[in-house]
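Residues: numbered from 1 along the sequence shown.
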Amino acid sequence: MRTKPRRYLALWFPWLPCERASRCGVLPEAAAASALVARDGQALRLAAVGVAAHRQGLSAGMTLADARARCPDLATAPHDPVADSRELDRLAGAMIAFTPLVALDPCDGLVLDVTGCAHLLGGEDELVAGVLAAAGYTVRHALAAHAAAARALARHGTGHDVRALPVAALELDERALSGLRRAGLKTLGDLAARPMAGLAARFGEAAVMRLRAILGEAGSPITPLRLAEPIRLETRFPEPLARTDDALDVIEELLTRAARIMEERQLGGRRFRVVLHRSDNVRPRLVVETGQPVRDPAAVMRLLRERIDTLSDPLDPGYGFDAITLAVLGAEHLPSRQIGLESGKEDAEDSIAALVDTLGVRLGEERVSRLVPCDRHLPEKAQGLVPAAQARPAPWPAGGETPPRPLLLLDPPQPVDVIAGVPDSPPQRFRWQGRLHDVCLAEGPERIGAEWWRKRGGHIPGNAGDTRDYYRIEDGKGRRYWIFRSGLFGETPGPRWYLHGLFP
């Protein structure tokens, strides 16, 4: 009996960190180029780059200062390798729909054993198309009879011939690769034509072992993930339930059981689905999503009751419910948290998340937005709106020595007429909306430089602008304003003044 040849599908997500960060609102989606940064000693370096940044010559390991010099409009955010790892785990879980044998290829790839799976979807082309659609990220892929060959082709090749791959496919250290190139060995085919013993003696046994694995002369088994069973609970009744309130009590009991399972797995649910099986074979469904992972039954029950209240048709038990099922369709890591003696930051964050979820159920998720910080130092550009349910709360920059700023900004800043004692001094009097205000107190200036890497032109808004000097001033009636002068004397022919914000 002939053994069916094995087939492996390797997936490589070259821009996974930046694409993930853009989707969750950490990086602006409209940025011309983006990168994630991490601290290395006293320097900030690029930990990952997006495709646009890569095309402009940026790469991981480059200092942020060098990257800014090459790409002035680069948008950056802190690198979160833990979030990347969780996203790769999620992608691996999604691939289980195509094959039960899925292995992680840290930190940005997967290897699938698709032997015998292609015919279920109509062939290898259809299988690959389905996998790529399910991935949802930019991905390079390759099929081969060996896992190492598929991986090397996905990351370093443009065809199906492993012998044409560059020696970089061995993924040796740079010293070993330089030695191979100096010896005139540029492809794996060049290496395969040489005696293996001589290669091992000169370049190390690791080079030979990796070469043989890619060529299929040595085994390259994968270690499939042991994916946790999905959380799905069901309760059947000997007699149909005739009251909706009784059904809700059963749902709450199912949520309590699901919470215990999630507690053991250190998970929190993001999407919950309840199916009520009526005696007449009608199956109404209730689906709720949360902005943050949760496993508190009371929180999910509040959302389910909100969902029931928003239904166009009331939840009718008809002749009664024979069974009720609960499925946790989306789950994320949620560690156990010790409850403090006093309410603190965690309680406030939980309350905000609960409010976001409730408003999302009532109004629609797309109508509830959250402000997230952006990598811009101009006040009007330092934040952006993203859907609250999809965004992870990003940490806002610490205030440090930055002077206080108003919560209310005028968009756009409104021009004002100012009288100052000397050109660079604070305002003594200003006219806004036809009213004259005498300045009693003034603090400043807080100088914010122009974004010189952006297009210059005009005084305000939408471009680089000029250097700004901000003042916090108070008029004779105790009202406080945030005013700035756009342009320095000597920098622009006629500096102008604008009112940008109001203090409460």
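- Looking at every heavy atom in both residues, V49 comes nearest to W15 through O-CE3, 3.3 Å.
- By the 4.5 Å heavy-atom criterion applied to side chains, L254 and F272 are not counted as neighbours.
- The stretch residues 162-178 participates, sequence neighbours left out, in these salt bridge (Lys or Arg N to Asp or Glu O under 4.0 Å) pairs: R151-E171, E174-R181.
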Any chance you could lay out the side chain to side chain contact (heavy atoms under 4.5 Å, CB included) test for V288 and E306, step after step, and finish with the verdict?
CA-CA 9 Å; V288 294; E306 290 284 352; over 6 Å; no
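- Qualifying salt bridge (Lys or Arg N to Asp or Glu O under 4.0 Å) partners for D322, counting only residues two or more places apart in sequence or in other chains: none.
- The ring-ring contact (aromatic ring centres under 6.0 Å, His included) pairs that include a residue from residues 82-113 number zero, where partners must be two or more places apart or lie in different chains.
- Residues L16 and L91 have side chains in contact (heavy-atom distance under 4.5 Å, counting atoms from C-beta outward).
- Legend: residues meeting salt bridge (Lys or Arg N to Asp or Glu O under 4.0 Å) with D113, ordered by chain and number and at least two apart, are R6.
- Residues passing the salt bridge (Lys or Arg N to Asp or Glu O under 4.0 Å) test with D40 are R45, sequence neighbours excluded.
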Does the side chain to side chain contact (heavy atoms under 4.5 Å, CB included) test come out yes or no for L46 and L64, once each step is laid out? CA-CA 6 Å; L46 303 190; L64 180 58; 4.1 Å; yes
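- Judged as a side chain to side chain donor-acceptor pair (under 3.5 Å), and not counting sequence neighbours, E253 has no contacts.
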Is there a salt bridge (charged side-chain N to carboxylate O under 4.0 Å, His left out) between E87 and R90? Walk through the geometry before answering. CA-CA 5 Å; E87 184 64 7; R90 187 195 67 79; 2.9 Å; yes
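- H141 has its side chain out of reach of V131: every pair of non-hydrogen atoms, C-beta onward, lies at least 4.5 Å apart.
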### Message
Determine whether V274 and R307 satisfy the following criterion, side chain to side chain contact (heavy atoms under 4.5 Å, CB included), listing intermediate values before the conclusion.
### Response
CA-CA 11 Å; V274 174; R307 178 65 70 202; over 6 Å; no
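- Put simply, the side chain of C18 reaches to within 4.5 Å of the side chain of L27, judged on heavy atoms.
- Between A149 and V162, the shortest heavy-atom distance links the atoms CB-CG1, 3.9 Å.
- Contact annotation: the side chain of D89 approaches that of L104 to within less than 4.5 Å [non-hydrogen atoms, C-beta and beyond].
- Taken from CD in E289 to CZ in R271, the straight-line distance is 5.0 Å, to the nearest 0.5 Å.
- Side chains of L180 and L172 form a contact here, defined as non-hydrogen atoms less than 4.5 Å apart.
- Looking at every heavy atom in both residues, G157 comes nearest to L165 through CA-CD2, 3.4 Å.
- Atoms CG and CE, on L110 and M95 in that order, are 7.0 Å from each other to the nearest 0.5 Å.
- V250 is not listed as a side-chain neighbour of F321, based on a closest heavy-atom distance of 4.5 Å or more.
- Residues satisfying the side chain to side chain donor-acceptor pair (under 3.5 Å) test with D161, not counting sequence neighbours, are none.
- Judged by distance alone, with hydrogens and angles left aside, the side-chain atoms of R295 form a donor-acceptor pair with the main-chain N or O of L267 at under 3.5 Å.
- The shortest heavy-atom contact between A47 and H79 is CB-ND1, 3.4 Å.
- L112 contributes atom CG, which lies 5.5 Å from atom CG of L11 (distance to the nearest 0.5 angstrom).
- The salt bridge (Lys or Arg N to Asp or Glu O under 4.0 Å) test applied to R155 returns D105, D108, not counting sequence neighbours.
- Across all their heavy atoms, P5 and T115 have their closest contact at O-CG2, 3.7 Å.
- Under the salt bridge (Lys or Arg N to Asp or Glu O under 4.0 Å) criterion, no residue pair touches residues 129-148, with sequence neighbours excluded.
- How far CG of L188 is from CG of L191: 6.0 Å, rounded to the nearest 0.5 Å.
- Using modelled atom types, no side-chain atom of T290 and backbone atom of P293 make a donor-acceptor pair closer than 3.5 Å.
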Going through the distances and angles, do L304 and E252 end up as a side chain to side chain contact (heavy atoms under 4.5 Å, CB included)?
-> CA-CA 10 Å; L304 287 171; E252 188 166 8; over 6 Å; no
Hey, can you pull the donor-acceptor pairs under 3.5 Å for the side chains in residues 52-62, sequence neighbours left out?
none

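- Pairing each heavy atom of R210 with each of L170, the nearest pair is NH1-O, 2.9 Å.
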Exercise answer: donor-acceptor pairs, residues 198-208 side-chain atoms, under 3.5 Å, sequence neighbours excluded:
none

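- For the pair I96 and L225, the minimum side-chain heavy-atom distance is 4.5 Å or more.
- Note that CG of D316 is 5.0 Å distant from CZ of R278, once rounded to the nearest 0.5 Å.
- For the side chain to side chain donor-acceptor pair (under 3.5 Å) test, no residue two or more places apart in sequence or in another chain qualifies with Y319.
- Panel note: side chain T99, backbone V114; no donor-acceptor pair is recorded below 3.5 Å.
- For the atom pair CG of L132 and CG of L127, the computed distance is 9.0 Å after rounding to the nearest 0.5 Å.
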